[in-house]
**Student:** 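After the structure tokens below, expect a handful of questions from me.
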Amino acid sequence: MKRRVLIGSAAAALAGAARAQEVFPSRPVSMVVAFPPGGQADVVGRPVAAALERIWRVAVPIVNRGGAAGAIGNAAVARATPDGYTLLMALSSMALLPEAARVNGREPTYTPDMLAPIALFSADPTVLVVPAASPIRTIEEFIAEVKRRPGAVSYSSAGNYSALHVPMAQFSQAAGLDMLHVPFQGGGPALTALLAGQVNCMASGPGPIAPHVRSGALRPIATWGRTRLAGFEEVPTLIEKGFPDCEFYIWVGLFAPAATPVPVTARIRDASRQVAADPEFRRAMEASGNTLDYRDGEAFQRFYGEDAARLVRVVRALGKIE
């Protein structure tokens, strides 16, 4: 009996060693998008996952876990087994949601330090769009209409404190506007509501709205960038229209649970660099209207830290939402 126990223990040890030495990835890698299909993170995440499948030769399924403006999916990955097999394709709102919970007197379901930044794939300013049927054609006309009907002009978003809510709140504060915020469970449903005429406008990343701008269904009237956006060169920035503090970017980046082993995160980062250079991925990004802005390592960490600090300040100014 004793000999059998020793043999069993040795076999278990060998099996554990074999697992520790296996080349990552040896099985499917789940990529969580914390929103329903159709939003910015989903639009970027799908071609990233497809490219990773070509590189790794394993399945990389997209798992849409919407709710709470992204907090549910973010927390699920933050608390996942840190082995590299559960990744998060996150929006910039990931950094501000824990602070939003605090200003509303709640304990955050995760904190940013529970997630390790791997690679940034895009960082575009939000774009203010209205339906093509709207009589509004300029930002000046938009401001005049909102001031003429305080509390009546509505905008959709992906939820309270989401990356589609915060820029509109920022602009409303800067321009002294009283608007009606209509939160949805993600960018996709928020865009659907705008296209269906249920709301008057929204702020969106350029990717999801680009096809509808090209088709003539939506009209862009301003952007939150420091400079004009490629592909939307005729659209002025809010900064050039006299609102210097209205600068906001929706970025999409890949994260892993913070305790993921360094060799594994290194392999994911190496694969991400290959994704950024992949011709098929680059064509998909161009077709979707997203600007490729690849960064990893220290460059992404620095960008992420600076942006997170800016977003936290916005949330604190926004305050508690009843």
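Note that the structure is a prediction, hence the values are computed from the model and not measured. Sequential numbering from 1 along the given sequence is applied to the chain's residues.
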**Student:** Taking the side chain as everything from C-beta on, heavy atoms only, tell me whether Pro112 gets closer than 4.5 Å to Pro98.
**Tutor:**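 Yes, side chains in contact.
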
**Student:** Would a 4.5 Å heavy-atom cut-off, applied to side chains only, mark Ile209 and Val127 as touching?
**Tutor:**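 The answer is yes; the side chains approach within 4.5 Å.
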
**Student:** Is the shortest side-chain N to carboxylate O distance from Arg267 to Asp270 below 4.0 Å?
**Tutor:**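 Salt bridge: no.
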
**Student:** Could you report the tightest heavy-atom contact between Ser92 and Leu311, atom names first, then the distance?
**Tutor:**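 Closest approach of Ser92 to Leu311: O-CD1, 3.3 Å.
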
**Student:** Could you pull out all residues at least two apart from Phe255 that satisfy ring-ring contact (aromatic ring centres under 6.0 Å, His included)?
**Tutor:**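 Per chain and number, Phe255 pairs via ring-ring contact (aromatic ring centres under 6.0 Å, His included) with Phe300, Tyr304.
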
**Student:** Give the cluster check for Val252 versus Val43: same hydrophobic cluster or not, with ILVMFWY residues linked at side-chain heavy-atom distances below 4.5 Å.
**Tutor:**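 Hydrophobic grouping puts Val252 apart from Val43.
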
**Student:** Would you kindly confirm whether Met285 and Tyr249 end up in one hydrophobic cluster when ILVMFWY residues are joined by side chain heavy atoms under 4.5 Å apart?
**Tutor:**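 No, separate clusters.
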
**Student:** Do Glu140 and Lys241 come close enough that some side-chain heavy atom pair is under 4.5 Å?
**Tutor:**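 They are in contact (side-chain heavy atoms under 4.5 Å apart), so the answer is yes.
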
**Student:** Between Leu115 and Val77, does the side chain to side chain contact (heavy atoms under 4.5 Å, CB included) criterion hold? Intermediate values first, please.
**Tutor:** CA-CA 8 Å; Leu115 290 157; Val77 178; 3.9 Å; yes

**Student:** What's the spacing between Leu128 CG and Cys246 SG if we round to 0.5 Å?
**Tutor:**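 Those atoms lie 10.5 Å apart.
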
**Student:** Where is the tightest heavy-atom contact between Ile118 and Asp296, given as atom of each residue plus distance?
**Tutor:**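 Closest pair (atom of Ile118, atom of Asp296, distance): O-CB, 3.4 Å.
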
**Student:** Of all residues at least two apart in sequence or in a different chain, which pass the side chain to side chain contact (heavy atoms under 4.5 Å, CB included) check with Thr237?
**Tutor:**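 With neighbours one apart ignored, the set is Thr223, Arg228, Ile239, Glu240.
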
**Student:** Starting at OG of Ser162, measure out to CG of Leu96 and round the result to the nearest 0.5 Å.
**Tutor:**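 Ser162 atom OG to Leu96 atom CG measures 8.5 Å (nearest 0.5 Å).
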
**Student:** So do the side chains of His181 and Met168 get within less than 4.5 Å of each other, counting heavy atoms only?
**Tutor:**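 No; the side chains remain at least 4.5 Å from each other.
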
**Student:** Provide the closest heavy-atom pair for Val264 versus Gly84 in the form atom of the first, atom of the second, distance.
**Tutor:**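 Closest pair (atom of Val264, atom of Gly84, distance): CG1-CA, 3.8 Å.
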
**Student:** Within a strict 4.5 Å, meaning less than it, do heavy atoms of the Pro189 and Pro36 side chains meet?
**Tutor:**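 Of all side-chain heavy-atom pairs linking Pro36 with Pro189, at least one is under 4.5 Å.
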
**Student:** Using the test salt bridge (Lys or Arg N to Asp or Glu O under 4.0 Å), find all partners of Arg313 that sit at least two apart in sequence or belong to another chain.
**Tutor:**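 Arg313 satisfies salt bridge (Lys or Arg N to Asp or Glu O under 4.0 Å) with no other residue.
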
**Student:** Return the minimal non-hydrogen interatomic distance between Gly187 and Leu164, and the atom names on each side.
**Tutor:**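 Of all heavy-atom pairs spanning Gly187 and Leu164, the closest is CA-CD1, 3.8 Å.
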
**Student:** Is there any side chain to side chain donor-acceptor pair (under 3.5 Å) pair reaching into residues 184-193, and which pairs are they, with sequence neighbours excluded?
**Tutor:**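 For residues 184-193, and leaving out neighbouring residues, there are no side chain to side chain donor-acceptor pair (under 3.5 Å) pairs at all.
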
**Student:** Write down the atom of Gly151, the atom of Leu180, and the distance for their closest heavy-atom approach.
**Tutor:**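 Where Gly151 meets Leu180 most closely, the heavy atoms are O-CB, 3.7 Å.
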
**Student:** Please list all pairs meeting side chain to side chain donor-acceptor pair (under 3.5 Å) that have one or both residues in residues 26-41, counting only residues at least two apart or in different chains.
**Tutor:**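 Applying side chain to side chain donor-acceptor pair (under 3.5 Å) to every pair that reaches into residues 26-41, excluding sequence neighbours, yields Glu22-Ser26, Ser26-Tyr85, Arg27-Asp83, Gln40-Asn290.
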
**Student:** To the nearest 0.5 angstrom, please state how far the CG atom of Leu88 sits from the CE atom of Met31.
**Tutor:**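 If I round to the nearest 0.5 Å, the distance is 9.5 Å.
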
**Student:** Taking only residues two or more places apart in sequence or in another chain, which ones pass side chain to side chain contact (heavy atoms under 4.5 Å, CB included) with Ala123?
**Tutor:**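 Leu120, Trp251, Asp293, Phe303.
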
**Student:** Quick one: side chains of residues 55-75, donor-acceptor pairs under 3.5 Å with protein atoms, not counting sequence neighbours, listed by atom name and distance.
**Tutor:**
| from | atom 1 | to | atom 2 | distance (Å) |
| --- | --- | --- | --- | --- |
| Asn64 | OD1 | Arg46 | NH2 | 3.1 |
| Asn64 | ND2 | Phe35 | O | 2.9 |
| Asn64 | ND2 | Asp42 | OD1 | 3.0 |
| Asn74 | ND2 | Gly70 | O | 3.1 |
| Asn74 | ND2 | Tyr110 | OH | 3.1 |

**Student:** Any side-chain donor paired with an acceptor under 3.5 Å for Ser122 and Asp124?
**Tutor:**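 The criterion, which ignores hydrogens and geometry beyond distance, is not satisfied for Asp124 and Ser122.
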
**Student:** Taking Glu280's backbone N and O only, do any of them form a donor-acceptor pair with Asp278's side chain (distance below 3.5 Å, no angle check)?
**Tutor:**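 At least one qualifying donor-acceptor pair exists.
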
**Student:** Applying side chain to side chain contact (heavy atoms under 4.5 Å, CB included) to Leu52 and Val29, what does each step give before you reach the verdict?
**Tutor:** CA-CA 9 Å; Leu52 286 174; Val29 176; over 6 Å; no

**Student:** Give the cluster check for Leu177 versus Ile136: same hydrophobic cluster or not, with ILVMFWY residues linked at side-chain heavy-atom distances below 4.5 Å.
**Tutor:**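 Yes; Ile136 is reachable from Leu177 via cluster members.
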
**Student:** Which value, rounded to the nearest 0.5 Å, describes the distance between Leu97 atom CG and Leu91 atom CG?
**Tutor:**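 CG of Leu91 is found 9.5 Å from CG of Leu97.
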
**Student:** Among residues two or more places apart or on two chains, list those pairs meeting ring pair (Phe, Tyr, Trp, His ring centres under 6.0 Å) that have a residue in residues 259-297.
**Tutor:**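 Listed once each, the pairs are Phe121-Phe281, Phe121-Tyr294.
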
**Student:** For residues 197-205, tabulate all N or O donor-acceptor pairs below 3.5 Å that involve a side-chain atom, not counting sequence neighbours.
**Tutor:**
| from | atom 1 | to | atom 2 | distance (Å) |
| --- | --- | --- | --- | --- |
| Asn200 | OD1 | Ser154 | N | 2.8 |
| Asn200 | OD1 | Ser154 | OG | 3.1 |

**Student:** Is there side-chain contact between Leu318 and Val103, with at least one heavy-atom pair below 4.5 Å?
**Tutor:**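 Leu318 vs Val103: side chains apart.
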
**Student:** Do Glu145 side-chain atoms and Ile143 backbone N/O form a donor-acceptor pair below 3.5 Å?
**Tutor:**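 No, Glu145 side chain to Ile143 backbone: no donor-acceptor pair under 3.5 Å.
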
**Student:** Report yes if the side chains of Arg54 and Val275 come closer than 4.5 Å at any heavy-atom pair, otherwise no.
**Tutor:**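 Heavy-atom side-chain distance check fails, nothing below 4.5 Å.
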
**Student:** Should Phe171 and Phe248 count as side-chain neighbours, where that means a heavy-atom distance under 4.5 Å?
**Tutor:**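 In short, these two side chains do not touch, never coming nearer than 4.5 Å.
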
**Student:** When rounded to the nearest 0.5 angstrom, what distance separates CG in Asp178 from OG in Ser172?
**Tutor:**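 So the gap between those two atoms works out to 8.0 Å.
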
**Student:** Would a distance-only check, ignoring hydrogens and angles, find a side-chain to backbone donor-acceptor pair under 3.5 Å from Arg282 to Ala276?
**Tutor:**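 Between the backbone of Ala276 and the side chain of Arg282 there is a qualifying donor-acceptor contact (under 3.5 Å).
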
**Student:** Just wondering, more than 12 heavy atoms not from Glu298 lying within 6.0 Å of its CD?
**Tutor:**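 Check fails, neighbour count at 12 or below.
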
**Student:** Among pairs that include at least one residue of residues 186-201, which meet salt bridge (Lys or Arg N to Asp or Glu O under 4.0 Å), considering only residues two or more places apart or in two chains?
**Tutor:**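 Residue pairs with at least one partner in residues 186-201: there are none.
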
**Student:** Between Tyr161 (side chain) and Ile321 (backbone), is there a donor-acceptor pair under 3.5 Å?
**Tutor:**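 Checking the backbone N and O of Ile321 against the side chain of Tyr161, a donor-acceptor pair under 3.5 Å is found.
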
**Student:** Under the ring-ring contact (aromatic ring centres under 6.0 Å, His included) test, which residues partner His212, sequence neighbours left out?
**Tutor:**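 Result, ring-ring contact (aromatic ring centres under 6.0 Å, His included) vs His212: none returned.
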
**Student:** Once you round to the nearest 0.5 Å, how far does OG of Ser134 lie from CG of Leu218?
**Tutor:**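 Spacing of OG (Ser134) from CG (Leu218) equals 10.5 Å.
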
**Student:** Which pair of non-hydrogen atoms, one from Ala308 and one from Ala95, has the smallest distance, and what is that distance?
**Tutor:**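 Closest approach of Ala308 to Ala95: CB-CB, 3.6 Å.
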
**Student:** My understanding is that only residues two or more places apart in sequence, or in another chain, count here; which of them pass side-chain hydrogen bond (donor to acceptor under 3.5 Å, both in side chains) with Arg283?
**Tutor:**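 Applying side-chain hydrogen bond (donor to acceptor under 3.5 Å, both in side chains) to Arg283 gives none.
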
**Student:** Establish whether Phe243 and Phe142 are linked, either directly or via other cluster members, by ILVMFWY side-chain heavy-atom contacts under 4.5 Å.
**Tutor:**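 Yes; tracing contacts between hydrophobic side chains, which count when under 4.5 Å, links both residues.
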
**Student:** For the side chain of Arg79 and the backbone of Thr109, is there at least one donor-acceptor N/O pair under 3.5 Å apart?
**Tutor:**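 Answer holds: yes.
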
